[in-house]
Amino acid sequence: MMRLEAFILFLLSAAAPLLAQNTTCSTPPTPTVWPTASSFPVVSTLPDPFNYLHPSTARVASNAEWYACRQPQIVQMLQQYQYGFYPDHSQETVTATRSGNSVSIAVTAEGRRGTFSAQINLPRPLPTTPVPVIIAIGGIDNNVYLNNEIAVVTFDYTSVAPDSNGKTGAFWALYNGRDIGTLVAWAWGFHRVLDALILTAPEIDSSLVGVTGCSRLGKAALAAGLLDTRITLTMPMSSGVQGLGPYRYYTLSGQGENLENSKQGAPWWSNSVLGTFINQSNRVPFDAHVIAAAIAPRALVIDQGSGDPFVNSRGTATVIFPAAKAVYDWLGVGPNIGLAMRSGGHCDMSGYTNVLPFVLKVFKGTPTTRTYTDMTPWQAIPTAYPWTSNIPPK
Ligand SMILES: *[C@@H]1O[C@H](CO)[C@@H](O)[C@H](O)[C@H]1NC(C)=O
Ligand SMILES: *[C@@H]1O[C@H](CO)[C@@H](O)[C@H](O)[C@H]1NC(C)=O
């Protein structure tokens, strides 16, 4: 029964974007001129995700309009003000060669070439039908997934782009000189690995794909899920600011990771435009809930440790999650977003076990009694998202 329900939910969520194709947008996804940071109004609570980009005063009027107009605008807006613009994949050629469980990936574009490799870990014994896959960067507990007939594919993110101002690695071999943040470079790495799996790994079901990483790599996994609709399940772990930590409400954590110290500590994660919001982060025309909401109807599970103040777990749990879930609920896909609170601190490996029932529900329709809405030890702060009292019609 649960399997059938999960399947129907999948069908409904797949149908929604199709319905939207013929909707006329009152505000175009990309404005003629992007407003500057200082021209945005100060908004001290989480911005209303249903409002189109300032200076438009229009508001989304239906689910169909969200998918046809507002979601594409959010994806453009996030690239303009935070990530930098993702390269045009239609101009790239991807080739892959597999040797055992190692895949060498080459991408060419505009006469340049970048290469890196990925490692495939398959469950043993291997099922006779293709298995879902989780693509991961950084440390992950592979066995949690392998033991549940899910493949784990890893790649060395530093061979795509280093975690520094350095411009080495496959991504920068192609795109050095562009104002793009490293989070996008790493996201691009996830996507090119998926391309390579489609070319070389018949053991893997490329329609059931998760992406994960922790901390800065959790920010990257979030970007990977946002920027490629082939990603079925986005799994950012302990992701913090520029992930699912709020720019606003950063004092909730007691330690205060915020736009300023994040942008100044690792300026390469984002584009240069994000820096124009330093000392005026309340003018950012979105907050982390908007990134999460733009992933709908696809699945998103958010790992946070209650003992992880620096990345403001409390802010992610009590303001970002409920604000994003309000959009998922309105779109009729509420169960597709989950908050996976756990005890423990930053990037604790137990997080991978904690999200597993959600992963199995999404990939296999396996029922679970684990609830993914619980914010314990905290409580939601509805004053942070006052627009939920004025949700548009469906
Ligand atoms: C799309 O909308 C236009 C204008 O309302 C209409 O003429 C056209 O037939 C519609 N196309 C489809 C495929 O529904
Ligand atoms: C931001 O504010 C701090 C503290 O007042 C100041 O030192 C810094 O120069 C400001 N930076 C910008 C870019 O305005």
Side-chain angles (χ1 to χ4, degrees), residues 30-49 51 53-56 73-86 161-167 172 175-187 215-216 218-220 222-223 226 238-291 308-316 318-320 323 346 381 383-385:
T30 308
T32 320
V33 179
W34 287 106
T36 59
S38 56
S39 75
F40 284 108
V42 169
V43 179
S44 301
T45 53
L46 298 181
D48 183 339
N51 284 346
L53 186 72
H54 172 84
S56 169
Q73 183 182 72
I74 290 170
V75 172
Q76 294 301 311
M77 171 180 76
L78 293 170
Q79 292 176 89
Q80 167 65 20
Y81 294 112
Q82 176 170 300
Y83 289 118
F85 282 90
Y86 192 89
D163 188 18
S164 71
N165 273 321
K167 299 297 176 191
W172 296 121
Y175 300 116
N176 192 5
R178 294 198 192 181
D179 186 10
I180 301 176
T182 306
L183 300 183
V184 168
W186 292 332
S215 197
R216 61 197 62 196
K219 309 178 204 297
L222 180 68
L226 174 76
S238 307
S239 62
V241 161
Q242 297 188 46
L244 291 176
Y247 287 131
R248 297 156 178 90
Y249 300 96
Y250 61 84
T251 56
L252 279 177
S253 73
Q255 286 197 5
E257 184 188 28
N258 59 21
L259 186 145
E260 286 74 22
N261 55 35
S262 170
K263 181 61 183 162
Q264 287 163 347
W268 53 86
W269 288 343
S270 61
N271 68 0
S272 66
V273 183
L274 186 64
T276 64
F277 288 93
I278 285 175
N279 292 352
Q280 49 180 347
S281 62
N282 282 358
R283 294 187 198 271
V284 175
F286 59 90
D287 213 314
H289 64 303
V290 175
I291 308 179
D308 189 1
F310 186 69
V311 297
N312 196 2
S313 275
R314 185 177 175 188
T316 300
T318 64
V319 303
I320 296 303
H346 196 58
I381 305 178
T383 52
Y385 39 92

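In each ligand, atom 1 is the first atom listed, and ligand 1 is the first ligand listed. Bear in mind the structure is a predicted one, so any value in this text is a computation, not a measurement.
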Asks: Nearest 0.5 angstrom please: Asp287 CG to Ser281 OG, how far?
Replies: 8.0 Å
Asks: Taking only residues two or more places apart in sequence, or in another chain, which ones meet Tyr250 in a ring-ring contact (aromatic ring centres under 6.0 Å, His included)?
Replies: none
Asks: Run the side-chain contact (heavy atoms from CB on, under 4.5 Å) test against Val290 and tell me which residues pass, sequence neighbours left out.
Replies: Pro49, Ile74, Met77, Phe286
Asks: Taking Tyr249's backbone N and O only, do any of them form a donor-acceptor pair with Asn312's side chain (distance below 3.5 Å, no angle check)?
Replies: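 Side chain of Asn312 to backbone of Tyr249, a donor-acceptor pair under 3.5 Å: yes, one is there.
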Asks: With sequence neighbours excluded, tell me which residues meet side-chain contact (heavy atoms from CB on, under 4.5 Å) with Val33.
Replies: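 For Val33 there are no side-chain contact (heavy atoms from CB on, under 4.5 Å) partners, ignoring immediate neighbours.
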Asks: Can a side-chain donor-acceptor contact be found between His346 and Ser215 if the only test is distance below 3.5 angstrom?
Replies: yes
Asks: Using a threshold of 4.0 angstrom between heavy atoms of the protein and any atom of ligand 2, which residues qualify?
Replies: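 Close residues (ligand 2, cut-off 4.0 Å): Ile278, Asn279.
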